[in-house]
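Here's the structure, in structure tokens; my notes come after.
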Amino acid sequence: MTAVTAAAEVIRDKAAGEFVCDFVSRLPTTDTGRPFQLYDWQRDAITDFYGTMETDSGTGDRLRKYWYLYLEIPKKNGKSELAAALGLYHLFADGELNAEVYVCAADKENASIVYNAAVFMLTTAPWTAKMVARGELKIIESRKRIEYRQRVRTGNGGYKWIVVGVLAVLSAEAYSKHGYKPSCVIFDELHAQPNRDLWDVMTAGAGSGRKQPVWIVLTTAGDDPDRTSIGWEIHQKAVAIRDARRLRSILAEGGDPRQVLSLRHVDEEDLLQAEDDLLAQDMPNWLPILYGLTALYGDDPDDLAAVDIWDEKLWFLCNPSLGKHLSLRNIRLEAMEARRSEAGEKLFRWLRLNQWISVKAVSWISLTLYDKTQWGPSKRAERAAWLEQLKGKLCYGGVDLSTSKDLTAFVLLFPPQPGLETAVLLPYIWRPGGTAEEAERRDHVPYRDWARAGFLQLCDGDIINYSDVEEAIRQAREDYDLRMVGFDPYLSRTITQRLEPIVSVMEIPQDLRNMSPAMKEMDDLMTRHQLLHVHNTCFRWTFGNVRCYVDGNANVKPLKNKSAGRIDPTVASIIAVAVWMIMRNQKPDLAEAMARPGYSL
């Protein structure tokens with residue numbers, strides 16, 4: 001590989017940088033279909049990366065100084081489209097013979113985002129569409145591959161196409177460990193890589209046959225709670241390189257080295273050694289560009305907690321496309337939503353302000369909100385009388401079963417209907433009575449007192465008696481208009497077979513696809529006081545215990561193994577809401593509608 005040294009003279013080639021900017025500006029964006037209008041930060045990144053040159057000491061060739069462009073930026077700032085445009089540049093405009101451009105992502109779906117943007121650009125821009133029509137560019141959709149081809153004369157006087165450049169998609173799910181000679185590698189969302197394998201394959205000597213190979217990393221901050229991922233490793237490397245260069249500049253001007261983020265909390269006696277260690281981490285062929293809270297304030301929890309994340313000036317610092325590609329009005333609405341819960345704030349910090357954060361397990365609905373949504377009185381005798389008004393009303397059920405240690409719950413959800421202005425949750429809860437005293441010491445709650453207050457039922461023995469649950473469902477079918485009961489498939493097959501002759505049942509697995517919509521619906525309804533609950537101290541306790549998994553698309557589900565205590569009754573209520581959402585979206589059955597009293601078209 002071409003030798004590049006830190007001592008080589010740096011040459012600023014403005015024309016080289018502007019050439020890439022001009023190329024990108026001739027491509028359309030996927031959101032408007034009109035040519036790129038490069039934002040200042042995009043133009044600066046491109047001109048710095050492509051316009052900074054040095055002379056190769058061996059050949060005398062003028063080559064790019066930087067091989068690695070690391071760009072860390074929040075979502076919705078135009079990152080993926082820039083990646084697609086640069087991928088096309090390296091496919092047929094960088095002058096690299098037999099170019100190999102690889103777009104790498106964690107899975108096929110994410111890898112397709114940049115590829116699909118590239119295809120849109122090629123087929124929409126008139127000049128590249130002509131290249132496609134002539135056969136110079138061939139899009140092979142089934143393989144997620146774009147070929148750049150040249151027409152050459154054959155020995156018998158004819159012509160044929162030969163491939164002189166390839167853009168292909170690779171994911172951590174499917175790739176070969178050998179055979180790559182990349183001229184350009186683009187990693188989209190490096191933080192999402194499940195391990196370091198694909199990174200190592202595409203960087204460890206993979207570009208050794210090229211004069212000026214390019215690796216472009218475009219990523220948002222990750223949600224790595226243990227700080228062990230390849231995304232965090234490369235983030236740390238980029239920060240160190242950035243800070244080493246800043247330290248070198250500060251020392252040259254006689255300034256305070258503690259202005260450098262990486263040295264902010266170093267003890268005085270260790271400062272000189274820390275400066276030397278930081279300077280040694282500079283890599284001359286890297287260009288790190290970082291936006292976001294972690295880039296500005298580091299990873300120290302106290303430093304980050306002291307930041308006013310609701311300050312709009314901070315939003316602009318973290319999001320260089322804010323007010324252009326990204327709407328300030330939308331961010332304000334996101335901030336209003338984020339203030340309502342711990343989970344919302346952490347998502348705002350992560351996805352909007354680009355803070356590396358652990359959002360694997362966050363709390364859900366606050367107990368303050370829960371307490372404001374009680375329906376009816378608290379005292380047991382008054383509760384029983386109050387519940388009489390639910391008799392005969394339409395409802396749906398959710399069941400979460402357990403064996404011994406956990407609670408088992410059956411929760412009824414009464415949607416708004418004549419005589420009931422808001423939706424109401426009515427829980428039934430069980431736990432084994434034989435282990436109640438031991439469970440009180442373990443869980444630090446008064447199960448036996450709750451049983452005496454009518455908040456839960458203690459089953460005889462050391463396991464849950466499913467016949468008690470069946471009897472409660474049968475009684476609910478008699479007392480109310482119970483239309484459907486949802487069950488988590490785990491442990492439920494036997495009981496559902498016995499219940500099917502009495503009431504309709506459906507399975508609601510506890511995965512993101514089924515839990516997330518119902519949890520978001522509950523959050524919204526409770527915030528608007530449109531989903532209330534009958535007073536039950538045990539039910540309240542389980543709401544406060546819930547910890548959730550949240551993915552990068554803000555999908556959410558409860559985590560039993562990460563929660564602060566038992567959460568089964570809350571899970572049963574989520575299942576009940578999921579059943580209600582499914583049922584209310586079903587087309588009405590005409591025969592059933594005609595059988596109702598007072599039916600009329």
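Worth saying up front: this structure is predicted, and the values here are computed from it rather than measured.
One distance of note links CG of Asn116 with CD1 of Ile113; it measures 8.5 Å at 0.5 Å rounding. The line from NZ of Lys346 to CD1 of Ile309 is 11.5 Å long, rounded to the nearest 0.5 Å. One distance of note links CZ of Arg332 with CD of Glu312; it measures 4.0 Å at 0.5 Å rounding. To the nearest 0.5 Å, the span separating CG on Leu353 from CG on Leu293 amounts to 4.5 Å. Distance check: Phe49 CZ to Leu86 CG gives 9.0 Å after rounding to the nearest 0.5 Å. Note that CG of Leu326 is 10.5 Å distant from CH2 of Trp315, once rounded to the nearest 0.5 Å.
A side-chain donor from one of Tyr159 and Arg153 sits under 3.5 Å from a side-chain acceptor of the other. A donor-acceptor pair shorter than 3.5 Å can be found between the side chains of His191 and Thr220. In summary, the side chains of Gln510 and Asp400 do present a donor paired with an acceptor at a separation below 3.5 Å, with no hydrogens or angles considered.
Taking the side chain as every heavy atom from C-beta outward, Met583 and Asn585 never approach each other to under 4.5 Å. Contact annotation: the side chain of Gln281 never approaches that of Ile241 to less than 4.5 Å [non-hydrogen atoms, C-beta and beyond]. Residues Ile331 and Leu322 form a side-chain contact, since some pair of their non-hydrogen atoms from C-beta on lies under 4.5 Å apart. Side-chain contact between Met515 and Ile575: present, with at least one pair of heavy atoms (C-beta onward) separated by less than 4.5 Å. Side-chain contact between Gln212 and Ser183: absent, with no pair of heavy atoms (C-beta onward) separated by less than 4.5 Å. Using a 4.5 Å heavy-atom cutoff, the side chains of Leu314 and Val307 are in contact. Between Asp188 and Cys104 there is no side-chain heavy-atom pair separated by less than 4.5 Å. A 4.5 Å side-chain heavy-atom check between Pro74 and Tyr291 finds at least one atom pair inside the cut-off.
Environment of CZ in Arg134: crowded, with over 12 heavy atoms of neighbouring residues, nucleotides or ligands closer than 6.0 Å. Around the NZ atom of Lys138, the shell of radius 6.0 Å holds no more than 12 heavy atoms that belong to other residues, nucleotides or ligands. No more than 12 heavy atoms of other residues, nucleotides or ligands sit less than 6.0 Å from atom CD of Gln37. In Met336, the CE atom is not crowded: 12 or fewer heavy atoms of neighbouring residues, nucleotides or ligands sit closer than 6.0 Å.
Formation of a donor-acceptor pair under 3.5 Å by the Asn319 side chain with backbone atoms of Ser321 is not found in this model. Ser516 places no side-chain N or O within 3.5 Å of a backbone atom of Asn555 that could act as its donor or acceptor partner. Within the 3.5 Å criterion, the main-chain N or O of Gly51 finds no donor-acceptor partner in the side chain of Arg64. Distance alone, capped at 3.5 Å, places no donor-acceptor pair between the Glu72 side chain and the Ala221 backbone. The main-chain N or O of Tyr115 is never found under 3.5 Å from a side-chain atom of Ser112 such that the two would form a donor-acceptor pair. Gln355 places no side-chain N or O within 3.5 Å of a backbone atom of Trp350 that could act as its donor or acceptor partner. A side-chain donor-acceptor contact under 3.5 Å links Thr219 to the backbone of Leu190. Distance alone, capped at 3.5 Å, places no donor-acceptor pair between the Asn285 side chain and the Trp67 backbone.
Salt bridge status for Glu233 with Lys237: absent, with no side-chain N to carboxylate O gap under 4.0 Å. Using a 4.0 Å cut-off between charged side-chain N and carboxylate O, Arg513 and Asp511 make no salt bridge. Remark: Asp523 engages Arg340 in a salt bridge, criterion side-chain N to carboxylate O under 4.0 Å. Ion pairing between Arg62 and Glu9 fails under the 4.0 Å rule for side-chain N and carboxylate O. Ion pair Glu189/Lys79 flagged as a salt bridge, since at least one NZ, NE, NH1 or NH2 atom sits closer than 4.0 Å to an Asp/Glu carboxylate oxygen. In this structure, Lys211 pairs ionically with Asp61, as a charged nitrogen and a carboxylate oxygen lie closer than 4.0 Å.
Between Phe187 and Trp215, the gap from one ring centroid to the other reaches at least 6.0 Å. For Phe92 and Phe23, the distance between ring centers is under 6.0 angstrom.
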side-chain contact (heavy atoms from CB on, under 4.5 Å) for Asn77 and His325? Distances and angles first, verdict last. CA-CA 6 Å; Asn77 277 277; His325 190 83; 5.6 Å; no
Verify side-chain contact (heavy atoms from CB on, under 4.5 Å) between Arg242 and Leu290, making sure each step is shown before the conclusion. CA-CA 9 Å; Arg242 178 200 66 181; Leu290 300 96; 4.2 Å; yes
Set out, in order, the CA-CA distance, both residues' side-chain angles and the distance that settles side-chain contact (heavy atoms from CB on, under 4.5 Å) for Cys21 and Thr47, then state yes or no. CA-CA 7 Å; Cys21 290; Thr47 53; 3.7 Å; yes
Would you check, one step at a time, whether the test salt bridge (charged side-chain N to carboxylate O under 4.0 Å, His left out) holds for Glu109 with Lys144? CA-CA 11 Å; Glu109 183 178 352; Lys144 301 296 183 193; over 6 Å; no
Tyr297 vs Asp303, side chain to side chain donor-acceptor pair (under 3.5 Å): CA-CA, chis, key distance, verdict: CA-CA 7 Å; Tyr297 297 98; Asp303 290 345; over 6 Å; no
Evaluate side-chain contact (heavy atoms from CB on, under 4.5 Å) for Val164 paired with Tyr148, printing each intermediate quantity in order. CA-CA 6 Å; Val164 294; Tyr148 176 47; 3.5 Å; yes
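The minimum heavy-atom distance between Ala118 and Leu88, with the atom names listed, is O-CD1, 3.8 Å. Of all non-hydrogen atoms in Ile46 and Gly17, the two that sit nearest each other are CG2-O, 3.9 Å. Between Asn98 and Val163, the shortest heavy-atom contact is OD1-O, 3.8 Å. Of all the heavy atoms in Arg245 and Leu287, the pair that sits closest is NH1-CA, 4.2 Å. Closest approach of Ile216 and Val214 over heavy atoms only: CG1-CG1, 3.5 Å. When every heavy atom of Ala106 is checked against every heavy atom of Pro194, the shortest pair comes out as CB-CD, 4.3 Å.
Residue pairs meeting the salt bridge (charged side-chain N to carboxylate O under 4.0 Å, His left out) criterion with at least one member in residues 15-39, sequence neighbours excluded: Glu18-Arg43.
Relative to the six-membered ring of Trp310, Arg339 meets both conditions, a distance below 6.0 Å and an angle of at most 45° to the axis.
Between His235 and Trp356, the ring-plane angle classifies as tilted under the 30° and 60° cut-offs. Ring geometry, Tyr50 versus His90: the interplanar angle falls from 30° to 60°, so the pair is classed tilted. In this pair, Tyr68 and Trp199 present their aromatic rings tilted. The plane angle is within the 30 to 60° band.
Residues passing the side chain to side chain contact (heavy atoms under 4.5 Å, CB included) test with Lys160 are Val152, Thr154, Ile162, sequence neighbours excluded.
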